[in-house]
S.K.: 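This is the structure I have questions about; it appears just below.
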Amino acid sequence: MTEFINSQFVKDMCDITRQSYDNGWDERNGGNMSIRITADELKDYNDVKEVRRTFDLGFDASAVAGQYFLVTATGRYFRNVFQRTKKDLGLVRISDDGKKGEIVWGYEDGALPTSEFPTHLMNHIARLKLDPNQRVVMHCHVTNLIAMSFTQPLDEKYFSKTIWKMQAESMPVLPEGLGIIPYETPGTTIIGKHTAAKITNGFRVVMWPHHGMFAVGDTPDECFGLIETVEKAATIFTAIQAQGGNRLDEITDKQLVEIAKYFHVTPRKGFLD
Ligand code: 2HA
Ligand code: ZN
């Protein structure tokens with residue numbers, strides 16, 4: 001019998017949560033992650049066939065009815081997922097009417113999915129409309145981008161350009177730039193709706209000011225790679241400020257256009273002069 005705990009999905013979740021914790025982005029219960037899995041991909045796992053508990057989703061998720069999501073638990077710590085895997089992760093099937101989550105694996109000591117699960121689902125659904133290969137949603141508390149949300153204007157063009165200019169790699173990785181929503185209370189469906197509007201607009205990374213980053217991707221590596229790249233740019237920005245803030249030289253708008261051409265990516269319209 002193939003056990004779900006030995007699947008690549010669970011391995012990826014353990015790897016990424018631990019790495020994100022080691023990077024200092026998930027103090028206590030900070031952060032959450034989900035991976036979309038199809039029924040077909042689960043057919044060989046015999047321990048995910050039975051519904052153990054159900055809960056209300058609080059919104060209509062019928063766009064992903066019958067699909068499965070491996071999700072970090074609410075109140076649990078990224079630091080522990082790799083060794084408390086069956087307690088701190090759960091596999092949830094979205095009911096046929098899209099109103100309920102059906103727990104088929106994990107959350108063994110009574111846990112439930114992250115408070116941000118409605119937001120994750122709304123954003124899986126929004127991204128799936130643009131990208132049928134959408135799989136992963138991740139949220140974490142990246143230090144330097146959060147700090148920038150206090151000191152820099154919360155303007156998408158300004159932030160995107162700043163991130164592009166901090167390192168040559170930002171443009172090929174994130175040509176669409178960084179989406180920004182207003183500050184919102186964590187765990188609400190409002191934050192989910194505002195974020196989904198940004199995802200619908202083609203952003204894959206959205207800043208939640210004074211809170212953290214939210215990203216979508218086709219694979220755990222891609223999603224985590226987007227977060228790493230933006231946070232690396234924010235770290236360089238922070239180091240520049242610590243060195244006095246003067247930029248004697250920098251990547252110009254013209255050079256950003258050249259990078260984009262070379263890597264065959266299209267920068268978001270209107271963000272470069
Ligand atoms: O999972 O990070 O935004 C805890 C949080 C909520
Ligand atoms: Zn958070």
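When reading the values below, keep in mind they use all heavy atoms of this one structure, side chains included, and skip hydrogens, waters and symmetry mates. Both counts, for ligands and for their atoms, begin at 1 and track the order of listing.
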S.K.: Any protein N or O within less than 3.5 Å of an N or O in ligand 1? List each pair with its distance, or say none.
M.R.:
| from | atom 1 | to | atom 2 | distance (Å) |
| --- | --- | --- | --- | --- |
| ligand 1 | 1 (O) | Asn29 | O | 3.2 |
| ligand 1 | 1 (O) | Gly31 | O | 3.1 |
| ligand 1 | 1 (O) | Asn32 | ND2 | 2.8 |
| ligand 1 | 2 (O) | Gly31 | N | 3.0 |
| ligand 1 | 2 (O) | His139 | NE2 | 3.3 |
| ligand 1 | 2 (O) | His141 | NE2 | 3.0 |
| ligand 1 | 3 (O) | Glu116 | OE2 | 2.6 |
| ligand 1 | 3 (O) | His139 | NE2 | 3.3 |
| ligand 1 | 3 (O) | His211 | NE2 | 3.0 |

S.K.: Verify the distance criterion only: is there a donor paired with an acceptor across the side chains of Thr114 and His120 at less than 3.5 Å?
M.R.: no
S.K.: Is Tyr68 reachable from Val48 through a run of hydrophobic residues whose side-chain heavy atoms are each under 4.5 Å from the next?
M.R.: yes
S.K.: Indicate yes or no for a side-chain donor-acceptor contact from Ser160 to the backbone of Leu178 under 3.5 Å, with no hydrogens or angles considered.
M.R.: yes
S.K.: What residue among Gln134, Gln67, Arg135 forms side chain to side chain donor-acceptor pair (under 3.5 Å) with His124?
M.R.: Gln134
S.K.: Return yes if a side-chain donor-acceptor contact under 3.5 Å exists between Asp15 and Gln19, otherwise no.
M.R.: no
S.K.: Below the 2.8 Å mark, what number of protein N, O or S atoms do you get around the Zn ion (ligand 2)?
M.R.: 3
S.K.: Mark yes or no: Arg76 above the aromatic ring of Tyr107, with NZ or CZ under 6.0 Å from the six-membered ring centre and no more than 45 degrees from the axis.
M.R.: no
S.K.: Is the closest basic N to carboxylate O distance between Glu169 and Lys232 below 4.0 Å?
M.R.: no
S.K.: Less than 4.0 angstrom from a charged side-chain N to a carboxylate O is my criterion; do Arg204 and Glu222 meet it?
M.R.: yes
S.K.: Pairing donors with acceptors under 3.5 angstrom, does anything connect the side chains of Ser149 and Trp208?
M.R.: no
